[in-house]
Amino acid sequence: MGHHHGSKSSHSGSKSSSSKSGKKGNGATHGPGQAGFSFLFVINEISINPRAAPNVDQWGARMPPENPHDYEGETQGTVFRYRDGAVEVAEGYYWYREQGVVDAQTGLRPAGSIVRLDGASGSQWPMETYSAFTVFNCWGPLPCVYEKADALSAFVGAYGAGQRWNVMSFQAPDPGSSGLTRVSAAGNSQVVTGKNPSWMPSIVPELFWNASSHAPTSTGLGGELPVIIAQMALSQPRGQTDVPFLSRWWHHGHWLPGNHRNTVRHPLDIRGVLVVVALDNYENPLGSSVEHLQYFENGAVVRE
């Protein structure tokens, strides 16, 4: 199976150095081709060890732990497939992380991956990870922070170090921008590009509202796909993060939530998910590539 070159080390972010800035969504070169465009994703809810000392910022709001040993683990979510605008359960796929073992040198949990189970042989085929983010909703001035890594299997530097927990941010718009907001791993803008976006506050908190009278009308939300998916999931209570996708609230680019609310209730409350996006490289090798996903992220993942 030549397409199965993903490995459990793929969470280390080999793709993360790829620049999205060069992929302008103005041509069909890397857009959905004749094979159809698809990818796989999973949302795992993260639980924090109640005995872990809280990581509190200067405002007294709780931050995610920096030590992976402070996490109890994850609740495995359903693996979904996005195919040409429609989201469905990916039958025969699930999340796998080897349990009960740690890295001999670091003491960390092993990385996990989305795998396909071969029913006939019982073999597991890991799908190549495209991008993995750990996303937390916190209280007050830090409604959304994230790390471009799997926090259960990686140490996180001190908050503010630049490469670790980052407050939600966006790419600064190009001059004459169309009004498309792009979520960034560590962006240079703290406000959305367009005004009156339909996906605020259900995906992007109101803290990031663009109050400029010169802002163009919003044309959509793109950028880091796992962060957008995580925010959709975190609009629902604990144990219900799969609901938006089972209910097809994100359908053909439009986000039409049945309900949404801030599920973080007080300063020491905190909620987190690990979102992993993987190539659909077993069933759709021609229509699921790094280039396809970069093109998709560069456009409107959520349209107005």
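- Checked against salt bridge (charged side-chain N to carboxylate O under 4.0 Å, His left out), R238 has the following partners two or more places apart in sequence or in another chain: D269.
- Side-chain contact between F170 and V191: absent, with no pair of heavy atoms (C-beta onward) separated by less than 4.5 Å.
- Here the side chains of W255 and P244 are in contact, with some heavy-atom distance below 4.5 Å.
- Within the 3.5 Å criterion, the main-chain N or O of D242 finds no donor-acceptor partner in the side chain of Q236.
- Distance check, rounded to the nearest 0.5 Å: CG of N137 to CD1 of I270 gives 9.0 Å.
- Going from atom CD1 of I114 over to atom CZ of F80 covers 11.0 Å, rounded to the nearest 0.5 Å.
- What you find for A185 and E224 is that their closest heavy atoms are N-CG, 3.8 Å.
- By the rule that hydrophobic residues join a cluster once side-chain heavy atoms approach within less than 4.5 Å of another member, W95 and V89 end up as members of one cluster.
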Notebook entry, point to check: Would M127 and L279 satisfy side-chain contact (heavy atoms from CB on, under 4.5 Å), going step by step from the backbone distance to the final call?
Noted result: CA-CA 6 Å; M127 299 294 103; L279 303 186; 5.9 Å; no
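- Nearest approach of V192 to M200, heavy atoms of both residues: CG1-CE, 3.7 Å.
- To the nearest 0.5 Å, atoms CD (Q231) and CD1 (I203) are separated by 8.0 Å.
- In plain terms, the two heavy atoms of P68 and L108 that are nearest each other are CG-CD2, 3.1 Å.
- Proximity of F37 to L293: side-chain heavy atoms (C-beta onward) are separated by under 4.5 Å at one or more points.
- Between P226 and E297 there is a side-chain heavy-atom pair separated by less than 4.5 Å.
- Note on M232 and F296: same hydrophobic cluster, where clusters join Ile, Leu, Val, Met, Phe, Trp and Tyr whose side-chain heavy atoms are under 4.5 Å apart, directly or indirectly.
- Under the side-chain contact (heavy atoms from CB on, under 4.5 Å) test applied with F136, the options V264, L234, I48 reduce to a single match, I48.
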With a cut-off of 3.5 Å and sequence neighbours excluded, list every side-chain donor-acceptor pair involving residues 38-46.
residue	atom	partner	partner atom	Å
S38	OG	D280	OD2	2.8
S38	OG	N284	ND2	2.8
N44	OD1	G77	N	2.8
N44	ND2	E74	OE1	3.3
E45	OE1	R271	NH2	3.4
E45	OE2	G239	N	2.7

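- Legend: residues meeting side-chain contact (heavy atoms from CB on, under 4.5 Å) with L117, ordered by chain and number and at least two apart, are Y94, Q124.
- A donor-acceptor pair under 3.5 Å is absent between the side-chain atoms of R62 and the main chain of C138, judged by distance alone.
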Checklist line | CA sep, side-chain torsions, deciding dist, call: I228, V302, side-chain contact (heavy atoms from CB on, under 4.5 Å) | finding: CA-CA 9 Å; I228 297 171; V302 178; 4.2 Å; yes
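- Between the side chain of N210 and the main chain of G194, no donor-acceptor pair closer than 3.5 Å is present.
- Side-chain atoms of R109 and E98, non-hydrogen and from C-beta on, never get closer than 4.5 Å to each other.
- Expressed to the nearest 0.5 Å, how far CH2 of W165 lies from CD of E66 amounts to 9.0 Å.
- Residues S198 and R303 have side chains not in contact (no heavy-atom distance under 4.5 Å, counting atoms from C-beta outward).
- Counting only distance, with no hydrogens or angles, the side chain of S212 and the backbone of H214 share a donor-acceptor pair below 3.5 Å.
- Of the possible polar contacts, one joining the S169 side chain to the G187 backbone as a donor-acceptor pair under 3.5 Å is found.
- If you chain together hydrophobic residues whose side chains sit under 4.5 Å apart, V135 and W139 never meet in one group.
- Y71 and V275 fall within a single hydrophobic cluster, where Ile, Leu, Val, Met, Phe, Trp and Tyr are joined by side-chain heavy atoms under 4.5 Å apart, directly or via other members.
- Interatomic distance, CG of N55 versus CG of N67, reported as 10.5 Å (0.5 Å rounding).
- One finds the CG atom of D70 at 10.5 Å from the CZ atom of R51 (value rounded to the nearest 0.5 Å).
- Counting all heavy atoms, side chain and backbone alike, P143 lies closest to L207 at CD-CD2, 3.7 Å.
- In this structure, the side chain of E147 does not engage the main chain of T134 through any donor-acceptor pair within 3.5 Å.
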Next item on the list: Might you work through the side-chain contact (heavy atoms from CB on, under 4.5 Å) test for R97 and D150, ending with a clear yes or no?
Entry: CA-CA 12 Å; R97 187 196 302 268; D150 170 3; 2.9 Å; yes
Check: S218 and W199: side-chain contact (heavy atoms from CB on, under 4.5 Å), yes or no, with the steps?
Finding: CA-CA 10 Å; S218 175; W199 31 264; 3.6 Å; yes
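- Residues forming a ring-ring contact (aromatic ring centres under 6.0 Å, His included) with W250 (at least two apart in sequence, or on another chain): Y82.
- Sorted by first and then second residue, the side-chain hydrogen bond (donor to acceptor under 3.5 Å, both in side chains) pairs involving residues 184-197 (not counting sequence neighbours) form an empty list.
- By the ring-ring contact (aromatic ring centres under 6.0 Å, His included) test, Y93 pairs with no residue at all, sequence neighbours left out.
- Taking both residues in full, the closest heavy atoms of P126 and S113 are given as CB-OG, 3.7 Å, listed atom of the first, atom of the second, then distance.
- When the side chains of ILVMFWY residues are joined at heavy-atom separations under 4.5 Å, either directly or via intervening members, V273 and L152 end up in a single hydrophobic cluster.
- Residues M63 and L142 meet the side-chain proximity criterion, which asks for heavy atoms closer than 4.5 Å.
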